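Heads up: numbering here begins at 1 and tracks the sequence. Note: hydrogens, waters and symmetry copies are ignored here, and every other heavy atom, side chains too, is used. Just so it is clear, the model here is predicted, and its values are computed rather than measured.
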Amino acid sequence: PPKKEFCCKAAKEHDIPEDLDKVLENKVMETVSDLYYINMSVVEMMCLDGTDGEGIVSKSVASHSDLIPGVYEGGLKIWECTFDLIDYFSEAEIQFTNKTVLDLGCGAGLLGIAALRGKADKVHFQDYNSTVIDEITLPNAVANCRSEGNRMGSGDDRKTSKPPSKRPKKAECLPDVLTKCRFFSGEWSEVSQLLLSSNKPFSKYDIILTSETIYNPDYYGALHDTLAQLLDKNGRVYLASKAHYFGVGGGIHLFEKFTVERNVFRTSIVKIIDKGLQRCIMEMAFKDSS
């Protein structure tokens, strides 16, 4: 058993429940960029009523904070760089077909779900908090896989809609799409160890997607090592971030400097978004990769 459990959150794999209707029970769905996601405030209300084993919602509410280092790492909110990265996938024509993908620090899991849409072969989702995986990521994946059998028109970008209803499509599309997914919670290095030491077959990732995960410089070592351990030798990391995170001190240029010093990856800023606070998308690959 992990001796370090008191200081880092131990890794855990979350099984996909057999009763998928139950996963979406009491959830209110919304859509954005043609993806379903569950309304977070409804989840927060339910968590305050006791479905939150980690107590992250009450702690977050009590401290008026979206981040409590080592306790709650922001997964109850969809951060704006997620949408920057989803837009970039289509602009840059990123190919997910038959690729193995990791959505690292996934929160709502929209990046991984976009990869599933792009016909990825396998998509794994990781978030620090188990409550986020159970109450948000998994339901979002189920809702999108369920609707995959009958792609809807994009319609109004942010309209609220009911969960995809129990259509007969369910049986034909779920085994397909949802069996490509695995879900993990815990601290990055712990999840890395779990994957690498697992008796389940594990192949390294062709693509690792991560958004707004470099706000805290204290985590750079763990993030860098996780990317180095889990990325395939010719794989790519796509990282979306604000140029600077006020208050916590991290940001894209600091992480880039950290990466250059480690001399394992080459990095390039592939897009800068100048609306409001500057945001960036960075591509990373091993220095000796093709």
How many angstroms lie between atom CG of Leu223 and atom OG of Ser189, to the nearest 0.5 angstrom?
11.0 Å

With rounding to the nearest 0.5 angstrom, report the CD1 to CG distance, Ile214 to Leu239.
5.0 Å

Ignoring hydrogens, what is the shortest heavy-atom contact between Val191 and Ser185? Give both atom names and the distance.
CG2-O, 3.7 Å

Check against side-chain contact (heavy atoms from CB on, under 4.5 Å), Cys81 and Ser211
CA-CA 6 Å; Cys81 291; Ser211 172; 3.4 Å; yes

Rounded to the nearest 0.5 Å, what separates atom CD1 in Ile113 from atom CD1 in Ile86?
8.5 Å

Going by heavy atoms in the side chains, are Lys119 and Gln95 under 4.5 Å from each other?
no

Going through the checks in order, is the side chain to side chain donor-acceptor pair (under 3.5 Å) test met by Thr210 and Thr213?
CA-CA 7 Å; Thr210 191; Thr213 44; 2.8 Å; yes

Ion pair present between Asp225 and Arg262, side-chain N to carboxylate O less than 4.0 angstrom?
yes

Let me see the working for Asp103 and His124 under side chain to side chain donor-acceptor pair (under 3.5 Å), right down to the final yes or no.
CA-CA 6 Å; Asp103 183 347; His124 295 174; over 6 Å; no

Assess whether a salt bridge exists between Lys9 and Glu190, defined as any Lys/Arg side-chain N lying under 4.0 Å from an Asp/Glu carboxylate O.
no

Report the C-alpha distance between Thr259 and His224 in whole Å, list the side-chain angles of each, state the deciding distance to 0.1 Å, and finish with yes or no for side chain to side chain donor-acceptor pair (under 3.5 Å).
CA-CA 7 Å; Thr259 307; His224 181 282; 5.1 Å; no

Contacts of Glu283 meeting side-chain hydrogen bond (donor to acceptor under 3.5 Å, both in side chains) (sequence neighbours excluded), chain-then-number -> Arg236

Determine whether Tyr238 and Phe89 satisfy the following criterion, ring pair (Phe, Tyr, Trp, His ring centres under 6.0 Å), listing intermediate values before the conclusion.
CA-CA 10 Å; Tyr238 295 99; Phe89 295 159; 7.0 Å; no

Straight-line distance of Leu102 CG to Leu111 CG, nearest 0.5 Å
10.5 Å

Are the side chain of Asp232 and the backbone N or O of Lys204 linked by a donor-acceptor pair below 3.5 Å?
no

Could you go through the side-chain contact (heavy atoms from CB on, under 4.5 Å) check for Leu196 and Leu230 one step at a time?
CA-CA 8 Å; Leu196 295 169; Leu230 297 183; 4.1 Å; yes

Atom of Met282, atom of Thr267 and distance for their closest heavy-atom approach:
SD-CB, 3.9 Å

Using side-chain heavy atoms (C-beta onward) and a distance below 4.5 Å, is Asn234 in contact with Ser289?
yes

How are the rings of Phe258 and Phe255 set relative to one another: parallel (under 30°), tilted (30 to 60°) or perpendicular (over 60°)?
parallel

Please examine the side chains of Leu178 and Ile16, heavy atoms only from C-beta on, and report whether any two atoms are closer than 4.5 Å.
yes

Might you work through the side-chain contact (heavy atoms from CB on, under 4.5 Å) test for Val101 and Leu209, ending with a clear yes or no?
CA-CA 7 Å; Val101 179; Leu209 306 171; 3.8 Å; yes

Measure the spacing between CD1 of Ile78 and CG of Leu110 and express it to the nearest 0.5 Å.
4.5 Å

Suppose we screen for side-chain hydrogen bond (donor to acceptor under 3.5 Å, both in side chains). Which residues come up paired with Asn263, at least two apart in sequence or across chains?
Lys287

Is there side-chain contact between Leu138 and Cys181, with heavy atoms separated by less than 4.5 Å?
no

Any chance you could measure Ser198, atom OG, to Glu13, atom CD, to the nearest 0.5 Å?
7.0 Å

So His244 and Gln278, do their side chains get closer than 4.5 Å, heavy atoms only?
no

